[in-house]
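All values below were derived from every heavy atom in this structure, side-chain atoms included, with hydrogens, water molecules and symmetry-related copies excluded.
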Amino acid sequence: MTASIESNDTVRTRFAPSPTGYMHIGGMRTALFNWLWARHNSGKFILRIDDTDRQRNLDEALGPILGAFRWLGLDWDEGPEIGGPHGPYFQSQRGELYQQALQKLLEAGKAYYCFDTPEQIQADRAEAEQEKKNYLNIRRSLDLSAGDIEERLARGDAHVVRFLVPRGETIAVDDAVRGHVEWDTGLISDPVICRGDGSPLYNFATVIDDADMQITHVIRAEEHLSNTPIQLLIYNALAQPQPQFVHLPYVAAPASKEKLSKRKLDKYRKNQQFRKMFEAADRVFPQIGLASSEGLDPVMVEYYERIGYLPAAVLNALARLGWSLDDKTEIMSLDEVVENFSLDRIVKSPAGLDPEKLVSFQTHWAGELPPEETLDRILPYLQKAGLIGEEISSDDRSYIEQVVAALGDRIKVFSDILDYASFFQSDDEFAYDEKAFKKRVQKEGAAELLAKFKEQLATVEPFEVDQLDKLMHDFVEAEGIKIGDIIHAVRVAVTGSPAGPGMFDCLHLLGRERCLARIDRALSSTH
RNA sequence: GGCCCCGUCGUCUAGUCAGGCCUAGGACACCGGACUUUCGAUCCGGUAACAGGGGUUCAAAUCCCCUCGGGGUCACCA
């Protein structure tokens, strides 16, 4: 009865999201592993939409999910928008298939109409709990005669269809990650597989669909492991071959072993490692016309896209969450992962998402980008924040290019450019870092030095890095001071910030006029 | 609570199936040093783990047993 799928069949994997309006980063990892296994074997990756809950606004709920796949460059061979030979790919449109299978089970006596009311069942459960016994449903409806059932059905009595779990058996799976796992069917309650209105439930629909779509490998998160015996039983009852099951460890919240969940956002805000991501969202998103972390949080894939991570970085981090190539390879392109991906190197224990490691992957992959591409990724942030206009002249572009080049790898995530807004703001508009201003500009004697240096700045020719460098050093020598006594004051005066590119780069970038104006402004604020 | 899964540095992991090459390797983070006008980057160096207890064995992170700990799941959600 448990025919297994031939290993030389084309590998077919699937990811079956329900349209929730956002793509979960942990779900994305599961999807990625499915995609990787399909691509590694030159197989097919299928996207199927689990919308049995009848979505009201499907486009709105599905858009961000497909968007996440597109952003990361994970394509699907069958599914929404492109169809395929095993469609439709929306469960809401596959009702007939479920009905057929349901009839088959009903006729074979492997499923039955159950007329128990929810209240009855609740009472049964309560009783079992009180007696500290495992709840098993009572199967009252099994005693009904065919005539009774027909009559009650005709009368429109509320009912569901339950799968009849064969008791006293052992059901086992040989999971690619978990190994051999078995369950005693005598402990499993008959699951509802179909609601009164005819709509199927997950455990049933998923088996029908996976079988119909000839899925060879069901790669899903570990929380589904406990659903597996029921699904196995249904495969058997339907005489369908079982796919290879692959239960991945779930993705945990940073520095924890708890499943990453959208319901725990409040807790994550206080999580030391996670907090920075929320803070970044609250700082950056409002500037570029998006909702704060209330609407766009790091559990969502879209967060990473919007705040300016590279797909390569997110992909690299996700691939390393619960999978490794060997004892030292960390940096991998998608192609490299596809080439080397294997099921037997999947880790068994849950892995916490590590924001800092993600940043380190980002630093690496951003460093691989040609300068023009870096610029293209940065420009939208400047535009959305209103720091530059929609139309960019070639002069503007070249200025931005120079600023970005000077900033170099100080920009990790692309929205980091907003930390250096002063390069794009007018001389009286940019903000001074209060602490730095106090420490460097309002320091005893700093204003006098600054004023003196400004005079020389006004006449130095040419206004180039080397020349400025020389000017500064001559100045330091003439005044008999340490370079630190003046250079920090100048930096803060012209950029507003204690950190940034090399001082002379900053002066040169800004140009003489702006430097002088900014020093004037700083000087006038000292008293 | 029942069932099931998991347990190597702070984190992600290599090593576990086929015991010795492990005085446990790598990466991120952290600490220190070098470089530097700041920040960043880079380069060098460092701290840091086999959950505990019993066995088996010449030899155990690896095999067996027990304990402890963490987690998942127990719906007419998926």
[N] pairs with which nucleotide, Watson-Crick or G-U wobble, both distances below 3.5 Å?
N     : value
B:G32 : B:C44
B:C21 : none
B:G2  : B:U73
B:A27 : B:U11
B:U62 : none

Base, sugar-phosphate, or nothing for [X], non-hydrogen atoms under 4.0 angstrom?
X      : result
A:G179 : nothing
A:K133 : nothing
A:Y135 : nothing
A:G352 : sugar-phosphate
A:P254 : nothing
A:K328 : sugar-phosphate
A:V359 : nothing
A:R178 : sugar-phosphate
A:H224 : base
A:I331 : nothing
A:N227 : base

Distance check, [atom1] atoms only: [N] and [M], in whole angstrom units.
N     : M     : atom1 : answer
B:U16 : B:U62 : C1'   : 4 Å
B:U13 : B:G7  : P     : 11 Å
B:C22 : B:G26 : C1'   : 14 Å
B:G15 : B:G53 : C1'   : 24 Å
B:G69 : B:C50 : C1'   : 15 Å
B:G52 : B:A61 : P     : 11 Å
B:G40 : B:C17 : C1'   : 46 Å
B:G46 : B:C4  : C1'   : 43 Å

ask   = Nearest nucleotide by nearest heavy atom, which residue falls closer to the 5' end of RNA chain B, A:S256 or A:E222?
value =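 Going by which nucleotide is closer to the 5' end, it is A:E222.
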key: Contact nearer the 5' end of RNA chain B, comparing A:E223 with A:A255   =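 Of the two residues, A:A255 wins.
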Parallel, tilted or perpendicular: rings of A:Y202 and A:H224 (30°, 60°) = tilted
task = Would you please classify the geometry between the A:H159 ring and the A:Y113 ring as parallel, tilted or perpendicular, with 30° and 60° separating the classes?
result =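 The arrangement is perpendicular - the two ring planes meet at more than 60°.
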Looking at [options], which one has an atom nearest to any side-chain atom of [X]?
X      : options             : result
A:R410 : B:C39, B:U37, B:C77 : B:C39
A:S349 : B:A41, B:C6, B:A27  : B:C6
A:W183 : B:C4, B:U13, B:G72  : B:C4
A:K259 : B:C77, B:G72, B:U37 : B:G72
A:R195 : B:U38, B:C3, B:C76  : B:C76
A:R491 : B:U38, B:C4, B:C12  : B:U38
A:V192 : B:C28, B:G2, B:C76  : B:C76
A:S324 : B:U37, B:G70, B:U13 : B:U13
A:E356 : B:C3, B:C76, B:C28  : B:C28
A:R125 : B:G25, B:A75, B:C4  : B:A75

Please confirm whether the shortest side-chain N or O distance from [X] to OP1 or OP2 of [N] is below 4.0 Å.
X      : N     : answer
A:K348 : B:U16 : no
A:K439 : B:U38 : no
A:S226 : B:C4  : no
A:R345 : B:G15 : yes
A:R320 : B:U11 : no

query = Near A:E129 CD, under 6.0 Å, is it more than 12 heavy atoms from other residues, nucleotides or ligands?
reply = no
Let me know the distance between [atom1] of [X] and [atom2] of [N], rounded to the nearest Å.
X      : N     : atom1 : atom2 : answer
A:F163 : B:A75 : CZ    : P     : 18 Å
A:L507 : B:U37 : CG    : C1'   : 11 Å
A:I230 : B:C74 : CD1   : C1'   : 9 Å
A:Q273 : B:C30 : CD    : P     : 11 Å
A:F475 : B:U37 : CZ    : C1'   : 14 Å
A:R263 : B:G72 : CZ    : P     : 11 Å
A:L225 : B:C74 : CG    : P     : 12 Å
A:L407 : B:C39 : CG    : C1'   : 10 Å

message = Once hydrogens and angles are ignored, does a donor-acceptor distance under 3.5 Å link the base of B:A29 to the side chain of A:D354?
response = no
message = Any N or O donor-acceptor pair under 3.5 Å from the base of B:G72 to the side chain of A:E258?
response =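 Not at all, since no donor on one side and acceptor on the other fall under 3.5 Å apart.
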Can you find a side-chain donor-acceptor pair between [X] and [Y] that sits under 3.5 Å?
X      : Y      : value
A:S422 : A:Q425 : no
A:D433 : A:S497 : no
A:R491 : A:T495 : no

So, is the end of the [X] side chain (NZ or CZ) under 6.0 Å from the ring centre of [Y] and within 45° of the ring's axis?
X      : Y      : value
A:R518 : A:Y432 : no
A:R14  : A:F45  : no
A:K262 : A:Y22  : yes

request  = Measure across A:Q273 and A:P254 and return the closest heavy-atom pair with its distance rounded to 0.1 Å.
outcome  =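 Residues A:Q273 and A:P254, closest heavy atoms: CB-CB, 4.0 Å.
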